[in-house]
Amino acid sequence: MNNFIWHNPRCSKSRQTLALIQAAGVPVNVIEYLHSPPDTASLRAACAGLKCAPTAVIRSGETLFKELGLALTDRRSDEAWLEILVQHPRLLERPIVCINGQYALGRPPENVQALL
C-alpha cells in the first residue's frame with residue numbers, strides 16, 4: 001500500500017485529517033513520524049509531490065527551530081534543509097498525506113479531500 005499519513009497523534013489537525021481519511025474508507029498506513037522519521041528520499045518525494053521546497057514543510061515557529069539558530073532566509077540548499085528535517089523530525093509540518101501517489105498537506109485538514 002502506498003497510501004500513508006505522516007501523523008502526530010498529539011496534533012489536532014493531524015487527528016482531524018486522519019479522521020477524514022478514515023471516514024472516506026481509504027486504507028492508509030499511519031506513520032507516527034516522530035517515532036519513525038522519514039528519510040531524505042521520502043522527504044524529497046513528498047516535497048516533489050507537494051510541488052514545494054523543503055522550507056515550505058518546516059515548522060519555523062517551533063522553539064527548536066529558533067534553538068538551532070535557523071531562519072528560513074538562511075542560504076541553504078534544499079538537500080541541507082531535508083537533512084535538517086531528517087535530524088529533527090519535530091520540525092516537519094504535519095500531517096503530510098499520500099494517497100495513490102498524490103500528496104497533500106493536511107493544513108487545513110480539508111486539503112486532503114481532493115485525494116479522497
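Along the sequence shown, residues carry numbers from 1. Quick caveat: nothing in here was measured; it's all calculated off a predicted structure. Quick note: numbers below take in every heavy atom, side chains included, and nothing from hydrogens, waters or symmetry partners.
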Rounded to the nearest 0.5 Å, how far apart are CG of Leu82 and CD of Gln87? 11.5 Å

Shortest non-hydrogen contact from Pro38 toward Tyr33: CD-CB, 4.0 Å

Find the distance between NE2 (His88) and CG (Leu64) and round it off to the nearest 0.5 Å. 6.0 Å

Stepwise, does the side chain to side chain contact (heavy atoms under 4.5 Å, CB included) test hold for Asn8 with Leu92? CA-CA 10 Å; Asn8 180 346; Leu92 183 62; over 6 Å; no

Restricting to non-hydrogen atoms, name the atom on Gly69 and the atom on Asp74 that form the minimum distance, rounded to 0.1 Å. O-OD2, 4.2 Å

How would you list, by chain and number, every residue that makes a salt bridge (charged side-chain N to carboxylate O under 4.0 Å, His left out) with Asp78, sequence neighbours excluded? none

Assess the residue pair Ile84 and Arg76 against the criterion (side chain to side chain contact (heavy atoms under 4.5 Å, CB included)); give the C-alpha distance rounded to whole Å, side-chain angles, the decisive distance to 0.1 Å, and a yes or no. CA-CA 10 Å; Ile84 288 168; Arg76 296 178 194 269; 3.9 Å; yes

Of all heavy-atom pairs linking Leu115 and Ile99, the shortest is O-CG2, 3.6 Å

Mind checking the NE2-NE2 spacing from His35 to His7? Nearest 0.5 Å is all I need. 10.0 Å

If I compare all heavy atoms of Leu105 with all of Pro95, which pair ends up nearest, and what's the gap? CD1-O, 3.3 Å

For Ile5, the option from Ile31, Val26, Val28, Val112 that meets side chain to side chain contact (heavy atoms under 4.5 Å, CB included): Val28

Side chain to side chain contact (heavy atoms under 4.5 Å, CB included) partner of Trp6, the single match among Ser42, Pro37, Pro89: Ser42

Got a second to check how far Leu43's CG is from Leu50's CG, nearest 0.5 Å? 10.5 Å

Just verifying a value: how many Å separate Asn3 CG and Asn100 CG, rounded to the nearest 0.5 Å? 5.0 Å

Lys66 and Ser60 have their tightest heavy-atom pair at NZ-O, 3.2 Å

Output for pair (Cys47 SG, Leu85 CG), nearest 0.5 Å, gives 7.5 Å

For residues 90-104, which residue pairs pass the salt bridge (charged side-chain N to carboxylate O under 4.0 Å, His left out) check, not counting sequence neighbours? Arg59-Glu93, Glu93-Arg107

Do Leu91 and Leu70 pass the side chain to side chain contact (heavy atoms under 4.5 Å, CB included) test, and can you show the C-alpha distance, the side-chain angles, and the key distance before you say yes or no? CA-CA 11 Å; Leu91 296 178; Leu70 299 171; 4.2 Å; yes

Applying side chain to side chain contact (heavy atoms under 4.5 Å, CB included) to Arg44 and Glu79, what does each step give before you reach the verdict? CA-CA 8 Å; Arg44 190 180 306 112; Glu79 290 301 310; 2.9 Å; yes

Looking at every heavy atom in both Trp81 and Pro54, which two are closest together, and how far apart are they? CB-CB, 3.8 Å

